[in-house]
Amino acid sequence: MQTILLILHVLFALAIVGLVLLQRGEGGGLGMGGGGNMQGLMSARGTASMMTRATAIAATLFFISSLALSIMVSDRGESISIVDEIEIPAPVETIPTVPTSE
């Protein structure tokens, strides 16, 4: 279950990135083939509001999947840290390679 949710989480993140990059800045809309008139499939305003709504939905799904993943990890009951898994080797005595005067 956690793997499926993690895959969905990554897909939601990619969807947000793609949707944000498809949107234009404040100066213009994303009309398909027209400069604000109805020559294209949708008007510039209709396309912009559709893209904004799709971005908001993807962001909401991303937020929900983030919360679900964090709850799943915290319910394991065991505290696993990467630092706890590091094995520090015992110190090895080395002989100096530079001759010393005695």
Query - Ala58 to Leu19 - nearest heavy-atom pair and separation - result: CB-CD1, 4.2 Å
Requested in this report: Identify the two heavy atoms, one from Leu5 and one from Met72, that lie closest to each other, and give their separation to 0.1 Å.
Outcome: CD2-SD, 3.9 Å
Using the rule that Ile, Leu, Val, Met, Phe, Trp and Tyr join whenever any side-chain heavy atoms are under 4.5 Å apart, tell me whether [X] and [Y] fall into a single cluster.
| X | Y | value |
| --- | --- | --- |
| Leu22 | Ile16 | no |
| Leu69 | Ile7 | no |
| Met51 | Val17 | no |
| Phe62 | Ile4 | yes |

Query raised in the report: Considering residues, nucleotides and ligands other than Leu67, do more than 12 of their heavy atoms fall under 6.0 Å from its CG?
Result: yes
Requested in this report: Output the distance between atom CZ (Arg53) and atom OG1 (Thr55), rounded to the nearest 0.5 Å.
Outcome: 11.5 Å
Report summary line: Residues passing the side chain to side chain contact (heavy atoms under 4.5 Å, CB included) test with Thr60, sequence neighbours excluded, are Ile64
Query - Heavy-atom side-chain contact between Leu61 and His9 under 4.5 Å - result: no
